[in-house]
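Heads up, the thing below is written out as structure tokens.
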There are 2 protein chains.
Amino acid sequence: MSISERKKKILAAVVDEYVRTAEPVGSKAIASKAGLGCSSATIRNELAELVSLGYLEQPHTSAGRVPTPMGYRMYVNELMEKQRLSLEETEDINRRMNQKLRELDDTINDVSRLASQLTDYPALALTTRTAVTIKRFDIIYVDANTFIIVVMLSDNTVKNKLVKLPVSVDQKLVQRLSALFNSGFTGITEEAVTPLLINSTERAADDTMGVTSVIAAFAIEVLTEAQTPTASISGENRLLSQPEFRDPDKAHRLMGYLSGGGYILPPEESMEEAGEIKVLIGPENVAEELKDSSVVIATYDAGDNTKGMIGVVGPTRMDYSAVAAKLSILAAGLSRRLGSGEAPPEGMHNKLIIKGDTGNE
Amino acid sequence: MSISERKKKILAAVVDEYVRTAEPVGSKAIASKAGLGCSSATIRNELAELVSLGYLEQPHTSAGRVPTPMGYRMYVNELMEKQRLSLEETEDINRRMNQKLRELDDTINDVSRLASQLTDYPALALTTRTAVTIKRFDIIYVDANTFIIVVMLSDNTVKNKLVKLPVSVDQKLVQRLSALFNSGFTGITEEAVTPLLINSTERAADDTMGVTSVIAAFAIEVLTEAQTPTASISGENRLLSQPEFRDPDKAHRLMGYLSGGGYILPPEESMEEAGEIKVLIGPENVAEELKDSSVVIATYDAGDNTKGMIGVVGPTRMDYSAVAAKLSILAAGLSRRLGSGEAPPEGMHNKLIIKGDTGNE
DNA sequence: GTTGGCACTCTTTCCTTTCGAGTGCTAATA
DNA sequence: TATTAGCACTCGAAAGGAAAGAGTGCCAAC
């Protein structure tokens, strides 16, 4: 069901104003602001209709209007001006990103912190990783009790571990093991690391001291860890600067949820195409704790079939357009660096496709 | 200047009660509680004197008494019952620590999180590292454009980096470089990595493609990073459950300070002997933001001349004895795992030496 | 030195009043 | 028919005031 042009303008004005001031907005304010040449009385009529349509609500008779989640949805889907950041801002973001990025692992923290700084909301970053295998397996002999395991994974991350044994091993054994692991344990996923495989490796290496199992344990650990989604949240405290979280209990509850690594997105629909931005408004969130907050999430391509997400959590009264624009730049930057290379080049303003929950009604 | 036994008991009772309830405590409450057989009127007289001595204060005439920082100081230095945790609690802490610990690097986050969980206050963990050198240098050849640098440091941490080059290198060169770095760059500190050294290595390796400088840059990076103190803070949101931080602005300010990695301790006196616990009460803190909070810090031995600290930040009304006891166990556990081995064995209750700021007046 | 008693103080809480922003409606107007 | 001006009305927020209660300080008695 569609609504008149003027209603749309008014709705947009209400949202803009409310986002700015956090106060219910009255008919006068709109009349004096939006460029539609009509008086507050007319606006009042329109507002009343918007209320009955479900886009706005009144905290109480005789207060101004406040957008409902449905109102925000409409705003985000149709009315919002897709904000284009100025060249300076874009460059600033890219510069700050460049300073920070090394490899994915160290990155995820930095990225969420950066997102939080840019938007002034709490931010989270996460990767879901798809099946990972070991690409190379090396063991460096240090001394009779010590060696270093170095594992390179299919996503080109490298993990290492220093192993100190209570018993002495000779260098030959280590070399044998290194060779065996490098042939037997590469190219397989975690499930394929069976006790059978470990046993046969142990026998083949003529290892009587249980070194094999130590190494195998590390292999499993690395594979498991690499497949476990990692999440990082920063800037929870920024919530406190939002008027809707003046109530410490409310703030505490949400912050607790966030820093508990609470799952922000439902798993089924967790991953979008890289480059898209997803907005979940209030009750559209599955987690009870987020029912009156909103989440904006950008998906990026982290290479090797891996997608990652950066998102921002805030009150439903959130500056969706600014947040979406900034996240979009961040995500594009990440895709460019980490991804398999189909991302647009740095300078380019990307399209900013915004997807809703379902494009409801 | 010393005060009577009874005054001490009363002071202790005031602190205990205030810590528990967060409400100013009145004469009646003390009379009915502390085991001293005298009536509320007597207590009132004593309280009045404690106020004039500066150990207590009244928010206003006709409210109960609240300890001053000086009162807390007295309490911590002399009156506090050094809490001994039950065996179960101790074991619980140790178990939870065991689950988590791998190497120092991953640990620091886990430790601060654990400390925060245990005490229910925000916690921070940090290490200052002393001069670190490289102990071993290996380069693993992967393919013509790719190799892995593996560096083992004097503190037995291992770092690696995957290097992808735009040009092809041959395996021989990599081997030469590996050998050269392993002899030339080991045992030296960061400052000793001079352009001169890098140049001579480059020539010796007959490297015309600038590979040497890439590797040297990594060496420098690793050394620098290893010497940079790392800090980690968790559980900031727990502040919100403390009544003194019901004011969101206050909470926000402190949380902002904390998560900005604010320096909690003055550098000069930053490091104590491992095993000691240090308490900084209210205005004893140097940072303006902490002037009405307290900090409890335990120092642990992280091995290889490195000391680390775990600390907890809370309101001055803090359960010092419980926090100190828990941190002490944590610190001992860390020393045992990471340290050079003089820490007491696990089961043992350690002495819990508590040091003040200065043992003032 | 200790205790009971009592007047006094000061905050907290609750109630009432006032104020004002903003509405909804009606009647006039284009 | 759509818009506007005007006006009574509503309801929350802010301001004022009275009552309640906790706790003190001090005095006189023990």
Side-chain angles (χ1 to χ4, degrees), chain A residues 3-11 13-18 20-68 71 243-244 246-247, chain B residues 3-11 13-18 20-68 71 243-244 246-248 317:
Chain A
I3 57 177
S4 82
E5 248 347 273
R6 191 169 66 185
K7 281 204 182 56
K8 284 187 184 175
K9 269 195 181 154
I10 292 176
L11 176 54
V14 172
V15 174
D16 284 335
E17 193 63 9
Y18 184 59
R20 211 171 54 82
T21 62
E23 301 279 309
V25 356
S27 53
K28 251 184 204 158
I30 297 175
S32 71
K33 204 157 168 285
L36 15 87
C38 58
S39 82
S40 67
T42 317
I43 308 269
R44 275 205 289 286
N45 291 331
E46 295 282 53
L47 286 177
E49 285 183 60
L50 282 168
V51 168
S52 71
L53 289 170
Y55 293 110
L56 296 177
E57 66 187 350
Q58 298 176 275
H60 51 268
T61 341
S62 103
R65 305 309 206 284
V66 163
T68 60
E244 23 273 282
R246 294 220 64 97
D247 172 16
Chain B
I3 58 176
S4 82
E5 249 345 275
R6 192 170 63 187
K7 281 204 182 57
K8 285 187 183 174
K9 270 195 181 154
I10 293 176
L11 177 53
V14 172
V15 173
D16 284 336
E17 193 64 10
Y18 184 59
R20 210 171 53 80
T21 63
E23 301 279 308
V25 358
S27 52
K28 251 184 203 157
I30 298 175
S32 72
K33 203 155 169 288
L36 13 89
C38 57
S39 83
S40 68
T42 316
I43 308 269
R44 275 206 289 285
N45 292 331
E46 295 281 53
L47 287 176
E49 285 183 58
L50 282 167
V51 167
S52 71
L53 288 170
Y55 293 110
L56 296 177
E57 65 187 352
Q58 298 176 276
H60 52 269
T61 341
S62 104
R65 304 310 206 283
V66 164
T68 61
E244 21 275 280
R246 295 223 62 109
D247 172 15
R317 179 193 61 80

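Numbers restart at 1 for each chain; the letters A, B, ... are given by sequence-line order, proteins then strands.
- Residue A:Leu47 contributes atom CG, which lies 11 Å from atom C1' of C:dG22 at whole-angstrom precision.
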Only distances under 3.5 Å count here; give the side-chain donor-acceptor pairs of residues 21-31 of chain B to other protein atoms, sequence neighbours excluded, each with its distance to 0.1 Å.
residue, atom, partner, partner atom, Å
B:Thr21, OG1, B:Glu17, O, 3.0
B:Thr21, OG1, B:Glu23, N, 3.2
B:Ser27, OG, B:Arg44, NH1, 3.4

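- C:dG22 atom C1' lies 13 Å from atom CD of A:Glu23, rounded to whole Å.
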List every contact pair, protein side and nucleotides 13-20 of chain C side both N or O, where the distance is under 3.5 Å.
none

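- Taking both residues in full, the closest heavy atoms of B:Pro67 and B:Leu56 are given as CA-CD2, 3.6 Å, listed atom of the first, atom of the second, then distance.
- You can see that DNA chain D meets the heavy atoms of chain B within a 4.0 Å-exclusive cut from D:dA22 to D:dC26, reading 5' to 3'.
- Distance A:Ile10 CD1 to C:dG22 P: 16 Å, rounded to the nearest Å.
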Evaluate B:Ile3 against B:Leu50 for side-chain contact (heavy atoms from CB on, under 4.5 Å), listing each step before the verdict.
CA-CA 9 Å; B:Ile3 58 176; B:Leu50 282 167; 4.3 Å; yes

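- The interatomic distance linking B:Lys7 (NZ) with C:dG1 (P) rounds to 10 Å, in whole Å.
- Each of C:dG24, C:dT2, C:dC6 was ranked by its minimum atom distance to the side chain of B:Arg6; first place goes to C:dT2.
- Counting non-hydrogen atoms under 4.0 angstrom, B:Ser40 reaches nothing in the nucleic acid.
- Both A:Val25 and B:His60 lie close to DNA chain C; mapped to their nearest nucleotides by heavy-atom distance, the more 5′-ward contact belongs to B:His60.
- Computed from coordinates, the A:Lys28 NZ to C:dG24 P distance equals 15 Å when rounded to whole Å.
- In terms of the salt bridge (charged side-chain N to carboxylate O under 4.0 Å, His left out) criterion, residue partners of B:Glu49 (sequence neighbours excluded) are, by chain and number, B:Lys7.
- Each of A:Gly26 and B:Glu46 lies near DNA chain C, and the nucleotide nearest B:Glu46 is the one positioned closer to the 5' end.
- If you take CD of A:Glu49 and P of C:dT23, they are 15 Å apart, rounded to a whole angstrom.
- For A:Ser39, the side chain to side chain contact (heavy atoms under 4.5 Å, CB included) partners two or more places apart in sequence, or in a different chain, are A:Ala41, A:Thr42.
- Scanning for salt bridge (charged side-chain N to carboxylate O under 4.0 Å, His left out) contacts around B:Glu244 gives B:Arg317, with sequence neighbours left out.
- Counting atom types as modelled, A:Arg65 pairs no side-chain N or O with a base atom of C:dG24 as donor and acceptor under 3.5 Å.
- Nucleic acid contact for B:Ala63: sugar-phosphate only, since backbone atoms but no base atoms lie under 4.0 Å from a heavy atom of the residue.
- Salt bridge A:Glu46/A:Arg6: present, at least one basic N to carboxylate O contact under 4.0 Å.
- When rounded to the nearest whole Å, the span between CZ of B:Arg44 and C1' of C:dA7 equals 12 Å.
- Taking atom CG on A:Asn45 and atom C1' on C:dG22, their separation rounds to 14 Å, with Å as the unit.
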